[in-house]
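The model shown is predicted, which means the values in this text are computed figures rather than measured ones. Letters go in sequence order (proteins before strands), and every chain restarts at 1.
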Amino acid sequence: MEAFTQRVIEIVGSIPEGRVMTYGQVARNAGSPRAARQVVRILHSMSKKYKLPWHRVVNAKGEISIQDDASYEMQILLLQTEGIEMAERGQLDLIRYQVKAQDRAPKT
DNA sequence: CAGCTGACTTGGG
DNA sequence: GCCCAAGCCAGCT
């Protein structure tokens, strides 16, 4: 597998309890700013092979974007368990919970 | 080997 | 603030 993949695994696994990261953020920290979708795939396949806190990864809007209802609800449960306040729609406060790192992508 | 896919992101209307 | 379209890139078929 690519080094990128390995990094994503490590990064996701390093997310502190009660915090979250966006797919894009993880991708950037892993070295591929545009590989947010790979993070998705990785979480998909690795979470079932490794014990990754996949639930601490949300989309850019701070919501859960899982399509699978079971996993969706489970993620909310796990996050709440870690002390994160979840809104009705499975949304959380990114400003408060997103891990701060050198994730800024200088777009301008 | 070639093509499709996806738990995404960003920009424009 | 919501909807649509394009870009991205590693993994899988």
From B:dA7, C:dA10, B:dT9, nucleotide with atom closest to A:His44 side chain: B:dA7
Nucleotide nearest A:Gln67 when distance is taken to its side chain, options C:dA10, C:dC9, B:dA7: B:dA7
For atom CZ of A:Phe4 and atom P of C:dC9, their distance in whole Å: 10 Å
Ion pair check, A:Glu82 and A:Arg56, cut-off under 4.0 Å: yes
Set of residues satisfying side chain to side chain donor-acceptor pair (under 3.5 Å) with respect to A:Asp68, sequence neighbours excluded: A:Ser71
Options B:dA7, C:dC9, C:dC12, nucleotide nearest the side-chain atoms of A:Arg41: C:dC12
Atom-to-atom span, CZ of A:Arg34 to P of C:dG7 - whole angstrom: 12 Å
Length of the CG-C1' vector between A:Asn59 and B:dT9, whole Å: 10 Å
Residues A:Glu2, A:Arg7: salt bridge by 4.0 Å N-O rule: no
Quiz item: A:Arg37 side-chain donor-acceptor pair to C:dG7 base, under 3.5 Å: yes
Distance in angstrom units between A:Gln38 CD and B:dT9 P, rounded: 12 Å
Whole-Å gap separating C1' (C:dG11) and CD1 (A:Ile9): 12 Å
Under 4.0 angstrom between A:Thr5 side-chain N/O and C:dG11 OP1 or OP2: yes
Atom pair CE/OG1 of A:Met86 and A:Thr81 - distance to nearest 0.5 Å: 10.5 Å
Separation of B:dC8 P from A:Glu63 CD (nearest whole Å): 10 Å
Sugar-phosphate only, base, or nothing, as touched by A:Ser71 at under 4.0 Å among non-hydrogen atoms: nothing
Sugar-phosphate only, base, or nothing, as touched by A:Ser32 at under 4.0 Å among non-hydrogen atoms: nothing
From A:Leu77 atom CG to A:Tyr72 atom OH, the distance as rounded to the nearest 0.5 Å: 12.0 Å
Interatomic distance, A:Leu43 CG vs B:dC8 P [rounded to whole Å]: 11 Å
Rounded interatomic separation in angstrom, taking CE from A:Met21 and P from B:dC8: 16 Å
